[in-house]
Structures are given as structure tokens and as C-alpha cells.
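Worksheet: one structure, shown below.
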Amino acid sequence: MSLQTHHLIVSVLLPIHRLGLFSYESTESVKIGNCVKVPFGSRSLWGIVWALHAPQVPNLKKIIEVYPYWSASSMFLLFLRQCSEYTLIPLGSLLRMVFPISEILEWPCQTFRCASSFSSVIQTCPWPGTFAQWVFMFGLKRVKKWIQEANLVSVEIHHDYNYTSPILTKHQKEALEKIGFQTTFIEGITGSGKTEICLAYIQPIILEKKQILILVPEISLCQQWVHRVQKYYSGNIGIWHSELSAKERKFQAWSILTGSTSIIVGARSAIFLGYKNLGAIIVDEEHDGSYKQAEGPAYHGRDMAVFRGYHEKIPCLLLSATPSLESFWNIEQKRYTHVALSQRYGNAQLPDIYMLDLKEQKLDSNMITLPLREALQKNLIKQEQSLLFINKRGYASLWVCYHCGFRAACQNCNVWLSIHYLPKSVLLCHYCGFKKPLPKTCPECHNLEQVKLWGVGVEKIGQEVQSFLPNAKICILSSDVCYTPRQLNETLLAIKNQEYDILIGTQLVAKGHHFPNLTLVGIIDGDFALSHLDLRSGERLYQVLCQVIGRAGRGVIPGKAYIQTSQTKHPLFSYLQSHNIQGFLQEELSTRKKYHFPPYVRLISLTLSGIDENTVHHYALSLKNHLPHESWVEVLGPAPSLINPLRRRWRWRIFLKSPKHYKIQDYIRTALHTFSLPSKIRLHIDVDPYDFL
DNA sequence: AGCACGCCGACT
DNA sequence: GTCGGCGTGCTC
């Protein structure tokens, strides 16, 4: 053996789904956290040095290149490790989210001062903007050539910006003082000034040249935060979400990595990105279910934000008017600092809530009860806007021929197809997106007289309103009508400009938009989620109703809300009427405690899926039998999913329940270590699942 | 995940 | 006789 074997063998984490850690020889000195380019099969990949010792393996290869400008801090690596241990997402899969586009590591990292602030550069270099912006606009090759021509290769990174703090009221200042060093929950109804407190709080952090990450539950809310931030901040604002184009993604990831953007507004996946120096994390609308990613690697954005804040020793602020049960519990357990804002900004009143019993009303085939009709009419006369909420897209949810009994069903899922007229007439599956032209006659018996449409969606409500208020200008708001963020923003602007009298919308309208002239809210189906099949349904309904009702009366005029339901006596509504969130959450918590459900226990779901029903069932049973018996683990199932098949795949689920202080993740990891599945069968692990069906 | 290798149907 | 279907297996 040669004497040069003192070259280190290091363990490199690669963005590979299954395992992830591979041994490489390093000829130059590397540290843990360095980004390195390594040969892998017939290609080369970027990875992170995970450990400075690794097992000797045959065919050991050398590291090609070490990235000199950025490396993962030990705190960041600890964060990744905890994420992986908690969510059971393999480290390799996690790294794919950290390095969404690893090619940016090939870009040179030097950049220029903004032309406006560095006159000597202006003379030799006629292009304004930062390096990244030029690359974004003109392409790397051209910019590189320009740099060589201008001889400017080693100018240092420098960013100039101003940040002024918003002016706070006395109450807001008091709240600001209470924010702790780590996770703080800021609870306050819409309009209580949570945003301003946050924007004031981050000022010193921004001035220390650290980055701020603002997480939002939905892409459409990014732009809103950008506008808020721009009032006080003159620098670059980063955006991160799944709908960025490939070009934009590269530009944004590069700007975030190099620190050329100091404030980043992003959807949940932004929590895993590599930052230059993250200084604080803000999670807006903390309770929102959209933070939970259920498809692909399952994780909860808010929980990951808390983990990251903890490991990087930076503050994490959770904001909500209607805390999630988990957070409410964590506040009670004194895990989070709690800051409550009670006053609504500028004296706006909370809306009065009226219950309408669907059982007492004679509706015929209509969905809107008489009192709500009258209220809509009055509001129209007063020239004030109204909002009707119904949580169903499309026109109707079942196409049925009464002559032969034919019902239009999805080819891939065990569901009926919904009828949509907007933006185009079509039969649509809400689960897989399958589309079919709307039949003119029954495909089975060719009859056309006896076709019936069952179920009620936004479009049908729109039709009903138009029938009794023919002069009202109606706007239908659903993801089908506004399918791009731009379209949605345009529509929202039109609403603010009073171009519509009555809005009819799905979940989409519930999220953080301010319409000053909106004074009436009607909930069409106030019991759509009150099933006992799903333990979170009550919590979700409460949150969504709170949010929709919060749309009313945000200006100077007090608002009113009508809730149509067949369960007027349900305790949820009395808490809602008295605006007593605490009471509602307390009661929900005690139910969860009684039935041994989260947050009192840990719940994990294992879902097996595949094309062939029997094979999936077979492997689900054998997985269950493979799980060792432990007194502290309760194994439920396997049970078939409610919608089976879904996207042509059959799914069987196993649920595991254990007390929280046991490491059930370790139990599962070891159990799965000795369990193998054929490649046709997929296993999906979800820690703290949101759905049970 | 990619990208190989590998073993069976319709074409110049 | 080939071209190519995607089944399974490996990548330090």
C-alpha cells in the first residue's frame, strides 16, 4: 500500500432518494458542511460533506471540486438531521429540497455593487443591477464575457438598502417587547397589527445584514407580503414557491444563497433552502393546513420552521388569529412564548353572527335561505359588498341519467365527476384532474330528457343569486376561474375597486384579503366538514369560518355574518358566535385527550399503494405482521383508504400510535430496515398525518 | 432519481 | 435478422 493513504475518506450526502451517504476520497482539505462535486455513476453530483470519516469501499472515487463560497453550518446540518429523524424523510430526499437546482453552485459568486452606489464601477460597467440579475436577464456566458472585458472579477458583494420601522401603537409596542428569543406565538385577529409588529421586530436583524424568511401558506399570498415589506424596505425581496419558472428558480436560489436578497417570502419548501445567514423566520397563518405537505415527502412547514429556528438559534414567529390545536397546546405547555393582541386596529368591530337552521327553511331546490336572501338584497341596495362562501368548486358534483341510472365517473379514481361550466364546460375529477367533455345525451342510453345534476358548487350558487338579484354584479372565485396568481390578483383588485357586488367563493377567498366595503358574509354549507371520520374537521371548520367571517366589516362599517347549517346546536357555533376561540380550543383539546389523539399521542401513517388491489392488500398485511409487538405501540389497520383507487392506485393504510416520549420514529425505521417491497408497491410515511381517510 | 443492462414483440 | 419496450439493479 502506498504512503498517500492519509488522504481522508469522507462521507458525502447526495441528493439521492433512497440512502444518500457515500464515501469519497478528498485530496484537498474539506470541512463538514462543504458543498462538493463528486462523480456518481456516469454523471457528477453536488453533495454536502456529512462526516470526515467514512467506511472504505471498493472503487472509491475522488471529490472533483469544493464550492468555495458557501457551506452548510453545523446548525443547519443538525436541523436537517432532526427533520429526517422526525419526519422519516431520508436525508437524500431532504437534500433535494436544500439543493433544488444544484447547477447554481457552478456559478461564480463574485458580484458587484449596485451601479447607483458605486460610481467607479458605473464607468467601466454600463449595466445596472447585481451580477445575479444580469445572469438572470442575459445568461451566464454573456455576463462572464462582460466581466472579463471589464476586468472586474474580484469586486466584493455589497448590498445597499434602507429599512424603516413601521410606527407602532402603544399596544403594539408592548407586544413587541414580549417577543422571546426563540419561538413566539403572536395571536391576534385580522387587523390587530401582527404584521406591523413583525416588520418592526425584524428591523434590527435586517440592519445586522441577516436574512429574514417569511413563510406563507399559499403562493397567492406571496405578493401581498412583498407589498407590505416594500413600504419599509428598499432592498431586493426574494420569492420562493413551486410555480416559479426554471429560470426564476435559479435566480432566486442563487440570490438567497449569496445573500443578495435579505427578505425572502416563500411557501413551505423555502424552509429547507440554503441561506447565507438566516436571522429570523416568520410563519404567517400558522394554523393553515397548506403548510402540511402530504404528497411526496410529508412534512409540516411550520414545524420545520420551529426546528430550524431552534437549531440556528434564531427567533421564529408564528402568527395566527385562530391557532392550530397543536400550537395552542404548545403554548399551554410553555414551549412557545405567547403574545396576544386583543384590540382590532382602528376600532373596527367584530361581525355579529346569525345562525340559520336549514331544517326549518323551505328551500325547494334552492340553497339560500330567505333571511340570507333578504340580507343580500338590502346590502345590494346599500351598495355594500357581500360574500357567499361554499366549499365546493364547479357547478354540481354528480351527473346522473334518471332513465338508465348512468353516473359520470372518473377513470382513475373511485369518485363521480363534477360538472363545471367555468372557465369551460367540462366534467372534471377533483382528485386527479381527469377531464371529459360534458355529454349532450346519456352515453349509455342516449336519452337527453332525464339528466339531473346533483350537489351544489360555487357556480350554481352564482346562478341562484343571479336569479333573484338579476342586477347584481357577481364574481365567482375559485381555483378554476383564477388559476394563476396573476389572474387572482387582478380579480381581487377588481373586487376592491367595487366592480362586483356579490362574491361567491371557495376556500380561496378565506385567505387574508382585505375588502373595505365588504359587510356581509354568508356561509352556505356550514356543516360541510362536521363529520366524525376526521378528527381535525371541527378545528378546520372553525378556522375557515373564522377567516371567512373576518372578511366582513374590516372598514368603518360593522359587518354581519349568516351561517346556514343543519346542526345549529353544535357547540362549535356558539363558540364562534361569542368569538371565544380559547373556549373552542380548550374543548377540542379535552376531546382529543379523552380519545387519545394528537397532540396527546404521536400518530404516524404508513400507506402502501400500487396498481393491483390484491398485491397492495397482501403487502399491507405482511407489513403489519412485520411490525414487532411493543406494549407502547398501538398498530391500527391495515384499512383501505376511503377513495380507492385514487389516480389508478389502490391504497391501504396502517396507523401507529404511541405516547410522545417514546421514539416511535426509531421503532419504524428499524422495523422497515428489514422489510422490503417490490418496486411496484410504494410506501408513503406520514408523521402527524392530517387526513385519516 | 437516472442510467445502465437485459430479455421478448413489430418492423426495414 | 434489428429496434426498442420498460423491468430490476446499482451508483462511493
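- Proximity of residues 55-65 of chain A to DNA chain C (heavy atom under 4.0 angstrom from any strand atom) is restricted to A:Val57, A:Asn59, A:Leu60, A:Lys61.
- With sequence neighbours excluded, the residues satisfying ring pair (Phe, Tyr, Trp, His ring centres under 6.0 Å) with A:Tyr662 are A:Trp632.
- Residues from residues 30-46 of chain A placing a heavy atom under 4.0 Å of any atom in DNA chain B, listed by number, are A:Ser42, A:Arg43.
- Under the 30°/60° scheme for interplanar angles, the aromatic rings of A:Phe79 and A:Phe76 are found to lie parallel.
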Show me the side-chain donor-acceptor pairs of residues 610-621 of chain A shorter than 3.5 Å, one per line, residues at least two apart or across chains.
from, atom 1, to, atom 2, distance (Å)
A:Asp612, OD2, A:Thr615, N, 3.0
A:Asp612, OD2, A:Thr615, OG1, 2.4

Using a 3.5 Å cut-off and no angle test, enumerate the donor-acceptor pairs between side-chain atoms of residues 665-683 of chain A and protein atoms at least two apart in sequence or in another chain.
from, atom 1, to, atom 2, distance (Å)
A:Gln665, NE2, A:Tyr86, O, 2.8
A:Asp666, OD1, A:Arg669, NH1, 2.9
A:Tyr667, OH, A:Pro628, O, 2.6
A:Arg669, NH2, A:Glu85, O, 3.1
A:Thr670, OG1, A:Asp666, O, 2.6
A:Thr670, OG1, A:Tyr667, O, 3.1
A:Thr674, OG1, A:His626, NE2, 3.0
A:Thr674, OG1, A:Ala671, O, 3.3

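- Annotation: side chain to side chain donor-acceptor pair (under 3.5 Å) contacts involving residues 28-41 of chain A, sequence neighbours excluded, comprise A:Lys37-A:Glu106.
- Pairs of residues two or more places apart, or lying in two chains, that qualify as side chain to side chain donor-acceptor pair (under 3.5 Å) and include a residue from residues 73-84 of chain A are A:Gln82-A:His311.
- Chain A approaches DNA chain B over the interval B:dA1 to B:dC3, counting the first and last nucleotide 5' to 3' with an atom under 4.0 Å from its heavy atoms.
- The stretch residues 78-93 of chain A has no heavy atom under 4.0 angstrom from DNA chain C at all.
- Remark: A:Glu634 pairs with no residue by the salt bridge (Lys or Arg N to Asp or Glu O under 4.0 Å) rule, at least two apart or across chains.
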Please list, one pair per line, the donor and acceptor atoms closer than 3.5 Å that link side chains of residues 294-305 of chain A to other protein atoms, with sequence neighbours excluded.
from, atom 1, to, atom 2, distance (Å)
A:His300, ND1, A:Arg302, N, 3.2
A:His300, NE2, A:Tyr690, OH, 3.2
A:Arg302, NE, A:Glu286, OE2, 3.1
A:Arg302, NH2, A:Glu286, OE2, 3.4
A:Arg302, NH2, A:Ser324, OG, 3.1

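- Counting 5' to 3', DNA chain C first comes under 4.0 angstrom of a heavy atom of chain A and last does so at the ends given by C:dT8 to C:dC12.
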